[in-house]
Amino acid sequence: MIFASAVGLVLTLCMVAAYLWLIRRLFQVKAALPVLKLKDGLGRLKGTRTRLAVLGALFFLAWFGSQFSVKVWSPDMLMVFNYEEAARGQNPNVTRFNESGILAEPILEEVIQRGDLELTTEELAGLLTISTPLDAEKLDAEQESSLKISTEYWIHCSERAALYHTQPKTVLNLLADAYWEDFVRNYAENDSVLDLSFDELEGMEYLDAKDYLEMQAYKLKNYLPAYSSQSSSFRAADGGETFASLSKKIDNFVEIELERYGAFVLENGLSLDRNTYQARMQFANRLLDTERMKDMAAHDVRIEAIDMYNAYMTRFVLIPTYDEDREFYMSKTKVGVDYFADEAKEHLESATELLEEMEHNSYASAQVGAGRRASSARAQADRRIEELKTELEGLSDQCRELCAAYVREKRDGYIQVCFRTSSALKTAASALAMTVLFAAPVGGLYILKPFYQECINSRPPRGRGKKGRAAENRGEAAS
């Protein structure tokens, strides 16, 4: 293939040499052209048409064969980014996309390692070039509407790859695989949150195990809304689950299964260490009571501030306004007392929630203190924890399978890769254009050939210089 690519270079050099030769001949015979008839030269070209046609055909075949073989052996690779964020210049995880990452040094090192290539990263970088369809367009940076973000990239590997005992298409395939894996690992949606771990359950209190399993369940639930908002109707082909149905299953697990387990533990007052648990609940209630008093103090301060407002200052004003649907309504303006009222309500709700949590801790501490420590109840609670772990792992697997199916089907694996097929018709058209450019100077040389011969013949012989002409003059004088 190096020889085939060199053929095009040699033919181009031959064409350039022909044009230079033609220009030189024109300067040599330019004095004779006005005197001699150019039509005679064109008429003499009839005898050389066959020779010119054969030469042009050879040039066409050589150019077409070399260029077509090079394109087949070293095609361009098109890399298309299919996910929605690509049109905004972002990765799937909403970080900024950078096209230089395709040919980054770590990627090239991975390509060399996978293909066991005999070259360095600098040499491999010299073989690869990247471009976009937008490179040929003239974009006006001053107008935002004219700015475009490309989601397609052409990558070309030079045929010089043969010097390193490999093929360009092999290098491009290795590059596509290495970059896709790096892209998914670093920029795709991170589903590591679906990897549940239950190592911390060892030696954990029974009621704490309920809270821990609830936290793990909400890790799964909080991961699903992002996909559900993009395609709420997406359904896995095998199980028929949707993101909404899986979210509902997780809610049932928390609100039914875990609540039943918690009720069983409280009913039997189960605890691994009664004294330690009761002391911890007392300390937790002390901290919660401090936070509750802070919220109540903040609530009282705002209520007092509201009472200090003058009635005239708390009057509101109605302003004519249009809503999003262009419907007319009277909008009420807010004053300082309104903001104080909202903040007072928030602090009161927070204090109420803290009080409920304190009451729950007190009830749990009392139940543990009155517990009978029955071994059968503990064994039953241990079995129930294992069942809950298994059920939660099953939900995790379903979430992972559904999300993976969504990525495969809706996002086409993030990146699509294909190779540009060589068009024989386009290559033939290019070869024909180059043949015409080559035939022009060659035909011109054939036309100027007789004029050049006449100019040469009209010149005096090289041996007849000044001495020859002087001797000839003396001979004529003697006669």
Could you go through the salt bridge (charged side-chain N to carboxylate O under 4.0 Å, His left out) check for Glu110 and Arg114 one step at a time? CA-CA 6 Å; Glu110 183 67 19; Arg114 292 188 180 191; 2.8 Å; yes
Any idea which heavy atoms bring [X] and [Y] closest together, and the distance?
{"X": "Gly262", "Y": "Lys210", "answer": "CA-CD, 3.7 Å"}
{"X": "Asn82", "Y": "Ile415", "answer": "ND2-C, 3.8 Å"}
{"X": "Ile250", "Y": "Ala217", "answer": "CG2-O, 3.4 Å"}
{"X": "Val171", "Y": "Leu128", "answer": "CG1-CD2, 4.2 Å"}
{"X": "Ala209", "Y": "Ile385", "answer": "CB-CD1, 4.1 Å"}
{"X": "Ile107", "Y": "Ile102", "answer": "CG2-O, 3.7 Å"}

Using ring pair (Phe, Tyr, Trp, His ring centres under 6.0 Å) as the criterion, list what pairs up with Phe81, not counting sequence neighbours.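 In terms of ring pair (Phe, Tyr, Trp, His ring centres under 6.0 Å), with neighbours along the sequence ignored, Phe81 is linked to Phe97, Tyr153, Phe183.
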Is there a donor-acceptor contact under 3.5 Å from the side chain of [X] to the main chain of [Y]?
{"X": "Ser247", "Y": "Phe243", "result": "no"}
{"X": "Glu152", "Y": "Thr132", "result": "no"}
{"X": "Glu205", "Y": "Asp273", "result": "yes"}
{"X": "Tyr261", "Y": "Tyr206", "result": "yes"}
{"X": "Asp182", "Y": "Ala178", "result": "no"}
{"X": "Thr151", "Y": "Val80", "result": "no"}
{"X": "Asn91", "Y": "Asn93", "result": "no"}

Quick check: do [X] and [Y] have side-chain heavy atoms less than 4.5 Å from each other?
{"X": "Glu241", "Y": "Glu401", "result": "no"}
{"X": "Glu257", "Y": "Arg384", "result": "yes"}
{"X": "Leu287", "Y": "Glu291", "result": "no"}
{"X": "Asn252", "Y": "Lys248", "result": "yes"}
{"X": "Leu220", "Y": "Leu246", "result": "no"}
{"X": "Asn285", "Y": "Leu288", "result": "yes"}
{"X": "Tyr414", "Y": "Pro92", "result": "yes"}
{"X": "Leu224", "Y": "Cys403", "result": "yes"}

Let me confirm one number: the [atom1]-[atom2] distance from [X] to [Y], rounded to the nearest 0.5 Å.
{"X": "Leu213", "Y": "Lys389", "atom1": "CG", "atom2": "NZ", "result": "8.5 Å"}
{"X": "Met281", "Y": "His360", "atom1": "CE", "atom2": "NE2", "result": "9.0 Å"}
{"X": "His156", "Y": "Ile130", "atom1": "NE2", "atom2": "CD1", "result": "13.5 Å"}
{"X": "Gln216", "Y": "Lys219", "atom1": "CD", "atom2": "NZ", "result": "4.0 Å"}
{"X": "Gln90", "Y": "Ile149", "atom1": "CD", "atom2": "CD1", "result": "8.0 Å"}
{"X": "Met77", "Y": "Lys169", "atom1": "CE", "atom2": "NZ", "result": "11.0 Å"}

Take atom OH in Tyr187; do more than 12 heavy atoms of anything else shown fall under 6.0 Å from it?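 Open: at most 12 neighbouring heavy atoms sit under 6.0 Å from OH of Tyr187.
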Taking atom CD as the centre, does Glu200 end up with more than 12 heavy-atom neighbours from other residues, nucleotides or ligands that are less than 6.0 angstrom away?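 It does not: Glu200 CD has 12 such atoms or fewer within range.
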Could you pull out all residues at least two apart from Glu109 that satisfy salt bridge (charged side-chain N to carboxylate O under 4.0 Å, His left out)?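 Once residues adjacent in sequence are excluded, Glu109 has no partner under the salt bridge (charged side-chain N to carboxylate O under 4.0 Å, His left out) criterion.
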List the steps and the verdict of salt bridge (charged side-chain N to carboxylate O under 4.0 Å, His left out) for Arg383 and Glu387. CA-CA 6 Å; Arg383 288 196 301 269; Glu387 292 173 357; 5.8 Å; no
Starting from the C-alpha separation in whole Å, work towards a yes-or-no answer on side chain to side chain contact (heavy atoms under 4.5 Å, CB included) for Leu117 and Tyr164. CA-CA 7 Å; Leu117 305 181; Tyr164 303 97; over 6 Å; no
Decide yes or no on side chain to side chain contact (heavy atoms under 4.5 Å, CB included) for Leu207 and Ser271, but give the supporting numbers first. CA-CA 8 Å; Leu207 286 175; Ser271 175; over 6 Å; no
Using the side chain to side chain contact (heavy atoms under 4.5 Å, CB included) rule, take Asp295 and Glu353 through it: C-alpha gap first, then chi angles, then the decisive distance, then the call. CA-CA 11 Å; Asp295 284 333; Glu353 293 176 358; over 6 Å; no
Verify side chain to side chain contact (heavy atoms under 4.5 Å, CB included) between Arg260 and Ile256, making sure each step is shown before the conclusion. CA-CA 6 Å; Arg260 286 177 178 175; Ile256 299 176; 3.7 Å; yes
